[in-house]
Amino acid sequence: MDKELIDQFIAGALKEDVGDGDHTSLATIPEGTQGKARLLVKDTGILAGVELAVEIFRTVDPKLKVTVFLKDGAEIKPKDIVLEVEGGVHCILKAERLVLNCMQRMSGIATQTDHIVDLLKGTNTQVLDTRKTTPGIRYLEKWAVRIGGGVNHRFGLYDMILIKDNHVDYSGGIRQAIENTHEYMTAHNKKLTIEIEVRNLDELEEVLRTGGVDRILLDNFNLSDLKQAVNIVEGRYITEASGGITVDNVRDYANCGVDYISIGALTHSVKCLDLSLKAVRA
């Protein structure tokens, strides 16, 4: 966990939600009231966000006592108890929605990722996430992918060179895009992994003639062309497939022999898992 980044996220999220006070709780519950709540599971899947939840409770009130029963990555089912939190009721309720929002989305992503990882068992292919994430919570969503057994692709525009179709077209072609990239990295003393996207077998051949990359992204290839492309590459470069890949066909794409499959749907269109935080009555 990147503590500095998480601290910034929690501070901003609480400011957005709480504003100048949780007036409902302040109005209805006497100050100083102590209590306990349980985080309950109402769905089936893979749990994610527990470590984050503990950090949220601690940020809201370091005096809150959190007892964790299930950790990130656990298989969960309805009626499971994830954790208990005990202490000032105003603080428990202040943290409630942020904890649930994060854990429900992270658990949905982890569950989807775990399902795809399971579909890929027996192949040498791993599943990657993408930059198709929710602005402001990319770190959390990619964290959830890791919990689900997937692999993170680049985090942003800063930590890898990924030459896509628009870069190729704007720079004047594949060779020019690759040459420009190396000139830029030399001039700016950068050492970044270089991946290039190709749209067909002709572009693949041009990349192989040019060289100077680490990975090749085979975008929107049909299964026949993808298998042919992998055979042409012959292990000289890491290969990745993307575009039109779903849970229904991911195994077929993996059987073509690519090293990675990237799926934007891991983060951009998952179903959140149903979790709730309920007061424990004395």
Side-chain angles (χ1 to χ4, degrees), residues 46 73 109-133 141-142 144-156 159-169 173-175 177-178 181-182 191-270:
I46 301 299
I109 291 169
T111 299
Q112 176 81 327
T113 304
D114 174 76
H115 179 49
I116 291 174
V117 168
D118 189 59
L119 292 172
L120 295 178
K121 283 181 179 176
T123 74
N124 294 316
T125 304
Q126 294 178 287
V127 63
L128 291 171
D129 54 25
T130 70
R131 283 171 54 239
K132 296 176 182 177
T133 54
E141 293 181 338
K142 284 180 170 283
V145 167
R146 297 197 305 275
I147 291 171
V151 179
N152 291 150
H153 205 294
R154 58 178 179 163
F155 265 79
D159 61 339
M160 181 180 178
I161 299 286
L162 176 47
I163 305 170
K164 294 179 70 69
D165 53 355
N166 284 336
H167 301 105
V168 168
D169 292 342
I174 286 174
R175 177 175 292 277
I178 294 173
T181 296
H182 282 278
K191 293 182 179 180
L192 299 170
T193 297
I194 301 173
E195 181 171 14
I196 187 165
E197 175 185 285
V198 297
R199 293 166 282 195
N200 51 57
L201 293 172
D202 289 339
E203 289 190 344
L204 173 61
E205 292 286 3
E206 187 172 355
V207 169
L208 296 177
R209 288 194 299 270
T210 304
V213 300
D214 302 292
R215 296 165 66 158
I216 299 175
L217 171 58
L218 305 156
D219 190 49
N220 284 304
F221 275 52
N222 61 45
L223 292 171
S224 176
D225 286 349
L226 183 62
K227 188 174 294 186
Q228 186 177 347
V230 171
N231 290 335
I232 290 170
V233 173
E234 291 185 313
R236 287 174 286 175
Y237 298 95
I238 296 169
T239 55
E240 175 187 340
S242 71
I245 304 175
T246 68
V247 293
D248 295 323
N249 62 22
V250 66
R251 179 78 185 200
D252 294 330
Y253 277 87
N255 285 336
C256 292
V258 290
D259 298 299
Y260 294 106
I261 288 173
S262 53
I263 301 180
L266 288 182
T267 53
H268 71 57
S269 56
V270 296

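What you see is a predicted model; the values in this text were computed from it and never measured. The residues of the chain are indexed from 1 along the displayed sequence. Only heavy atoms go into these numbers, but all of them, side chains included; no hydrogens, no water, no symmetry mates.
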Side-chain heavy atoms of [X] within contact of [Y], under 4.5 Å:
{"X": "H182", "Y": "I194", "value": "yes"}
{"X": "T123", "Y": "R251", "value": "yes"}
{"X": "D225", "Y": "N200", "value": "no"}
{"X": "T125", "Y": "Y260", "value": "no"}
{"X": "L192", "Y": "T181", "value": "no"}

Listed by chain and number, what are the salt bridge (charged side-chain N to carboxylate O under 4.0 Å, His left out) partners of [X], not counting sequence neighbours?
{"X": "R199", "result": "D169, E203"}
{"X": "K121", "result": "D118"}
{"X": "K164", "result": "E197"}

Closest heavy-atom pair and its distance - [X], [Y]:
{"X": "A254", "Y": "L120", "value": "CB-CD2, 3.5 Å"}
{"X": "A229", "Y": "L218", "value": "CB-CD2, 3.9 Å"}
{"X": "L201", "Y": "F221", "value": "CD2-CE2, 3.9 Å"}
{"X": "G257", "Y": "V230", "value": "O-CG1, 3.8 Å"}
{"X": "V168", "Y": "A177", "value": "CA-CB, 4.4 Å"}
{"X": "A265", "Y": "V270", "value": "O-CG1, 3.4 Å"}

Quick one: pull up [atom1] in [X] and [atom2] in [Y] and give me the separation to the nearest 0.5 Å.
{"X": "I174", "Y": "R209", "atom1": "CD1", "atom2": "CZ", "answer": "8.5 Å"}
{"X": "S262", "Y": "K132", "atom1": "OG", "atom2": "NZ", "answer": "8.0 Å"}
{"X": "K191", "Y": "I161", "atom1": "NZ", "atom2": "CD1", "answer": "14.5 Å"}
{"X": "L226", "Y": "I261", "atom1": "CG", "atom2": "CD1", "answer": "8.0 Å"}
{"X": "T210", "Y": "I178", "atom1": "OG1", "atom2": "CD1", "answer": "5.0 Å"}
{"X": "I196", "Y": "D165", "atom1": "CD1", "atom2": "CG", "answer": "10.5 Å"}

With sequence neighbours left out, what residues match [X] under side chain to side chain contact (heavy atoms under 4.5 Å, CB included)?
{"X": "L119", "answer": "H115, V247, V250"}
{"X": "T113", "answer": "I109, V117, V127, V145, L266"}
{"X": "T193", "answer": "M160, D214, R215"}
{"X": "T246", "answer": "D248, N249"}

Output all residues satisfying side chain to side chain donor-acceptor pair (under 3.5 Å) with D219, sequence neighbours left out; order by chain, then residue number. S242
Taking only residues two or more places apart in sequence, or in another chain, which ones meet T133 in a side chain to side chain donor-acceptor pair (under 3.5 Å)? R138
Going by atom type alone, with no hydrogens or angles, which donor-acceptor pairs under 3.5 Å involve a side-chain atom of residues 148-155 and a protein atom two or more places apart or on another chain?
unit_1, atom_1, unit_2, atom_2, d
N152, OD1, R146, NH1, 2.7
N152, ND2, D129, OD2, 2.6
N152, ND2, K142, O, 3.0
H153, NE2, E195, OE1, 3.1
H153, NE2, E240, OE1, 3.1

Of all pairs that satisfy side-chain hydrogen bond (donor to acceptor under 3.5 Å, both in side chains), the ones with a partner from residues 226-239, not counting sequence neighbours: T239-D259
